[in-house]
2 protein chains.
Amino acid sequence: MSLIPQTVREQVTNQIRNDLLSGRFPAGTMLREIELAARFGVSRGPVRDAFIQLSHEGYLAYQANRGVMVRHPPNPKDREFITSVRLQIETYVIQRGFDTKSKESTADVKQALERLHEACQSGEASQVAIRDIEFHQKILVACGGEDMVPTWRQLCSRMLLTYTRLGDYGQAYKEHVAIFEPFRDGNLKKTLAAVRANIK
Amino acid sequence: MSLIPQTVREQVTNQIRNDLLSGRFPAGTMLREIELAARFGVSRGPVRDAFIQLSHEGYLAYQANRGVMVRHPPNPKDREFITSVRLQIETYVIQRGFDTKSKESTADVKQALERLHEACQSGEASQVAIRDIEFHQKILVACGGEDMVPTWRQLCSRMLLTYTRLGDYGQAYKEHVAIFEPFRDGNLKKTLAAVRANIK
DNA sequence: GTAATGTATGATGTTAACAATGTAGGGTTC
DNA sequence: GAACCCTACATTGTTAACATCATACATTAC
């Protein structure tokens, strides 16, 4: 029903990613191509592609001829470091492209914010996590930082394996509104401050 | 003939990566699955897998139903930023795991250094680039930083698209010797200083 | 009894045929 | 003549069959 039809590969990738974020596959689980192909009603090809992709996104670890394993979340010290790098990337990209962003891209960010709102109201942790990242990604793209997205996403992905702002979705949403408003109004300083407050 | 046989996918991926670093495929080139499959004498499957992988490594950009394009190297300002992030990751990982590294892993690093030496003597820029990265990766792994390697590699990959220490291979090799010696001898401070001097 | 080896099994790796998609060119309509 | 549509072709997306690899278990030699 989507107006922008996705390839089977993309759908499978998104579904598995969602399952990973939902905790359906605990860390250490071995994922079987056949099993997932059967579940989605597709052949092993797209599932295989998804495994390669998700391995590079940081969710899965590939072992030749042995399959993929769900990676363990980083330890607290690594978490802290990864977070600091992520924040640096966002700060850099926003600073660099803040003045060149277009109206359409601002609309994209607004849409992402609305989706995050819906997710927060639904209370599904995996959806909140996905929409949270989507919002930040839209901002990066709006600031011309597409090139940095894959690297940035990899860092986020690893963190998301332990996404647990449980019950605090109202606060999460507010923090993103606090990013969007100065972003829309062209206030770089406040935008960055709000991003810093959100990523911690 | 290799003792550690690689899968076709790995071989294809390595070959294409090497070609990219050699400048065989200039930025903006569209890569065709059929063409490369024919060249390597394999089917499109592994080539396809390689495309997905190399897209995530930062070399190629995927467009659904349209194929992959060789990405353009980053502009000078982005280069500088990417380099600083790369340096931070290496510094963090080395600091964190310097004392826990094993003798075997030190031997691995030494072997990587020797390979870099050979590459420098051969004068092939793409080989030097590959061995250069391999050396640094071995150090990261030796310090228990496997988890950070994919992210770190992505950053390096983008830089490598403009690897041009042309003619200065002797200096490049020396810089790595300067990293290895204090690394082997357990001098953290000097190791980090040498890394900083090398990554710039 | 233990260790090495052979074998069965279930997984991933690879292939080639088929389906779906996007692009470019020419033709038609206004 | 310009815009639109339609068709043909080239390319990617998907599938299912086949090949290869790794593991576990039984068997055998010692």
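Below, all heavy atoms of this structure are taken into account, side chains as well, without hydrogens, waters or symmetry copies. Below, read A as the first sequence line, B as the second, and so on, with proteins coming before strands; counting in each chain starts at 1.
Contacts between residues 42-50 of chain A and DNA chain C, defined by a heavy-atom separation under 4.0 Å, are made by A/R44, A/R48. Interface residues of residues 25-33 of chain B facing DNA chain D, ordered by number: B/L31, B/R32, B/E33; criterion, heavy-atom separation under 4.0 Å.
With sequence neighbours excluded, the residues satisfying side-chain contact (heavy atoms from CB on, under 4.5 Å) with A/T106 are A/K101, A/F180, A/F183, A/R184. Contacts of A/A27 classified as side-chain contact (heavy atoms from CB on, under 4.5 Å), with partners at least two apart in sequence or in another chain: A/H72, A/P73. Partners of B/R96 by side chain to side chain donor-acceptor pair (under 3.5 Å), not counting sequence neighbours, listed by chain and number: A/D78, B/Y92. Residues meeting the side chain to side chain donor-acceptor pair (under 3.5 Å) test with A/H136, sequence neighbours left out: A/R86, A/E90, A/D132, A/H176, A/N198. Contacts of B/Q127 classified as side-chain contact (heavy atoms from CB on, under 4.5 Å), with partners at least two apart in sequence or in another chain: B/N18, B/A119, B/E124, B/I130, B/R131. With sequence neighbours left out, A/Q88 forms a side chain to side chain donor-acceptor pair (under 3.5 Å) with B/Q88.
For the pair B/I52 CD1 and C/dT14 P, the computed distance is 13 Å after rounding to whole Å. Atom pair A/F40:CZ and D/dA16:C1' shows a separation of 19 Å (rounding to whole Å applied). Here D/dT20 presents its P atom at 14 Å from CD of B/Q11, a figure rounded to the nearest Å. When the P atom of D/dT15 is taken as reference, atom CD1 of A/I34 falls 15 Å away, rounded to whole Å. In this structure, the CD atom of B/Q63 is 13 Å from the C1' atom of C/dT23, given to the nearest Å. Rounding to whole angstrom units, CZ of residue A/F51 and P of C/dT12 are separated by 7 Å.
In terms of position along DNA chain D, the nucleotide closest to B/Y62 lies nearer the 5' end than the nucleotide closest to the other residue of the pair B/Y62 and A/N65.
Between A/R66 and C/dT12 there is no side-chain polar atom (N or O) within less than 4.0 angstrom of OP1 or OP2.
In terms of modelled atom types and a separation under 3.5 Å, the side chain of B/D185 and the main chain of B/N187 share no donor-acceptor contact.
Other residues sharing a hydrophobic cluster with A/M69 under the 4.5 Å side-chain heavy-atom criterion for ILVMFWY residues are A/M30.
The structure places NZ of A/K190 at 12.5 Å from CG of A/L188, a figure rounded to the nearest 0.5 Å.
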